[in-house]
Amino acid sequence: MTTFAELGLAEPLLRALTVENYTVPTPIQAQAIPIALAGRDIEGIAQTGTGKTAAFALPILHRLLAKPQPPVRRACRVLVLAPTRELAVQIAGSFRAYGRQTGLRVALMFGGVPKFRQSQSVERGVDVLVATPGRLLDHLSDGAIRLDLAEILVLDEADHMLDLGFIIPIRRIAAMLPAQRQTLFFSATMPREIAALSATLLHDPVRVAVSPVATAAERVEQAVCFVEQSHKRTLLAQFLKRDDAGGRTLVFSRTKHGADRIVQHLEASGLRANAIHGDKSQAMRDRALRDFRDGRCNILIATDIAARGIDVDGITHVINYDLPNVPESYVHRIGRTARAGQSGIAISFCDRSERGHLRGIEKLIKARISVVEPELLAA
Ligand code: AMP
């Protein structure tokens with residue numbers, strides 16, 4: 001078994017990992033860290049939950065430390081692009097945690113909040129900038145940040161960049177970085193458009209892949225419950241009230257409205273729940289996530305996009321209140337539980353009209369999902 005020290009990481013990083021309680025590198029870390037340390041480009045196929053953030057953050061911090069540079073006004077040495085604010089916040093948090101002993105500076109830019117403090121935070125130059133593409137373009141056109149000195153570009157969750165329409169912004173941003181750079185590209189899936197993007201951004205990349213879509217699904221105990229749409233909310237409340245439901249439950253709703261209605265219904269049934277989705281203010285989303293993480297509120301209702309960045313350990317149950325129409329989303333959703341080797345349960349509510357979605361999902365995961373009767377869930 002490889003250790004982080006054997007991977008050749010610098011002492012301050014190894015100390016930070018001890019604080020984080022990481023003892024063994026995950027497979028993606030064991031594969032990607034030596035390649036990234038050697039300065040090669042990477043095309044990584046890995047999902048959230050595999051430890052991919054540390055797989056790129058650690059070698060990047062190592063390389064920054066190995067070649068110190070005085071800060072340059074409004075410049076960054078590393079640019080990390082993430083599709084959502086939640087994911088950006090989380091990546092920046094990881095860089096700060098792993099880099100806590102290094103004195104390296106990390107800044108964050110995302111939309112939905114005033115720009116002023118973000119531009120101030122890069123005024124004197126930073127080592128790592130984590131940004132969502134839209135807001136970064138705003139700052140670039142304001143002249144608040146320059147990318148011509150960046151040495152490393154990271155693209156995380158590239159397939160979600162595609163879903164959110166960020167491909168053109170990404171190309172524009174990448175064109176502003178020096179052609180001579182290291183690029184680390186991560187995506188959970190590789191649809192054609194993403195492979196094309198990767199081909200234009202990467203130079204002679206090494207490909208690494210872990211836990212293909214199907215194996216993420218293998219860790220989670222899954223069941224589908226055939227239930228009419230109109231009965232779903234009652235069943236959900238009944239299930240969540242069971243003693244053994246306990247733990248920490250993430251409920252997925254296809255729409256923002258639906259998410260709010262679920263919260264209302266659960267509250268009317270005496271259960272405490274919060275929702276996060278794109279119509280909520282950043283402060284409200286942050287609070288809901290904090291409450292979920294700290295155990296103050298154990299039921300969180302989320303839409304697929306809002307859930308992308310949720311990194312909460314100990315999610316015991318994922319409930320698909322609606323089945324996603326994109327089969328890959330199902331795998332992303334259930335991957336929120338059973339992280340870091342824990343076990344997890346995923347239950348999908350399937351209305352008559354959603355049978356087609358279910359077939360698509362079963363085809364993707366190459367398995368039949370076992371059926372559970374509503375009476376059993378409510379018992
Ligand atoms: P990620 O896939 O980057 O979202 O990471 C998933 C989770 O695994 C995060 O909560 C990390 O803190 C955790 N993690 C990452 N690497 C390790 C490791 N080597 N040992 C234990 N936990 C880890």
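When reading the values below, keep in mind they use all heavy atoms of this one structure, side chains included, and skip hydrogens, waters and symmetry mates. Remember, it's 1-based here, ligands and their atoms both numbered in the order they're listed.
In this structure, the ring of His332 has its center less than 6.0 angstrom from the ring center of His160.
Across every non-hydrogen atom of Glu193 and Leu162, the tightest pair is CB-CD1, 3.7 Å.
Note: an N/O pair closer than 3.5 Å links Gln29 and ligand 1 by distance alone. For Tyr22, a nitrogen or oxygen atom sits less than 3.5 Å from a nitrogen or oxygen atom of ligand 1, counting backbone and side chain alike. Geometrically, ligand 1 and Gly51 share a nitrogen or oxygen pair separated by less than 3.5 Å.
Note: the hydrophobic cluster containing Val227 also contains Leu376 (ILVMFWY, side chain heavy atoms under 4.5 Å, direct or indirect links).
At a 4.0 Å heavy-atom cut-off, ligand 1 does not touch Phe186 at all. Contact annotation for Glu20 and ligand 1: no heavy atom of the residue comes within less than 4.0 Å of the ligand.
The side chain to side chain contact (heavy atoms under 4.5 Å, CB included) test applied to Gln182 returns Ala36, Asp41, Arg63, Ile152, Leu184, not counting sequence neighbours. Residues that satisfy the salt bridge (charged side-chain N to carboxylate O under 4.0 Å, His left out) test with Asp351, not counting sequence neighbours, are absent from this structure.
Every atom of ligand 1 is numbered from 1 in the order shown, and the set under 4.0 Å from a heavy atom of Thr53 is 1 (P), 3 (O), 4 (O). Remark: ligand 1 atoms within the under-4.0 Å shell around heavy atoms of Val24 are 18 (C), 19 (N), 20 (N).
Screening Thr303, Asp260, Asp304 against His277 for a side-chain hydrogen bond (donor to acceptor under 3.5 Å, both in side chains) leaves a single residue, Asp260.
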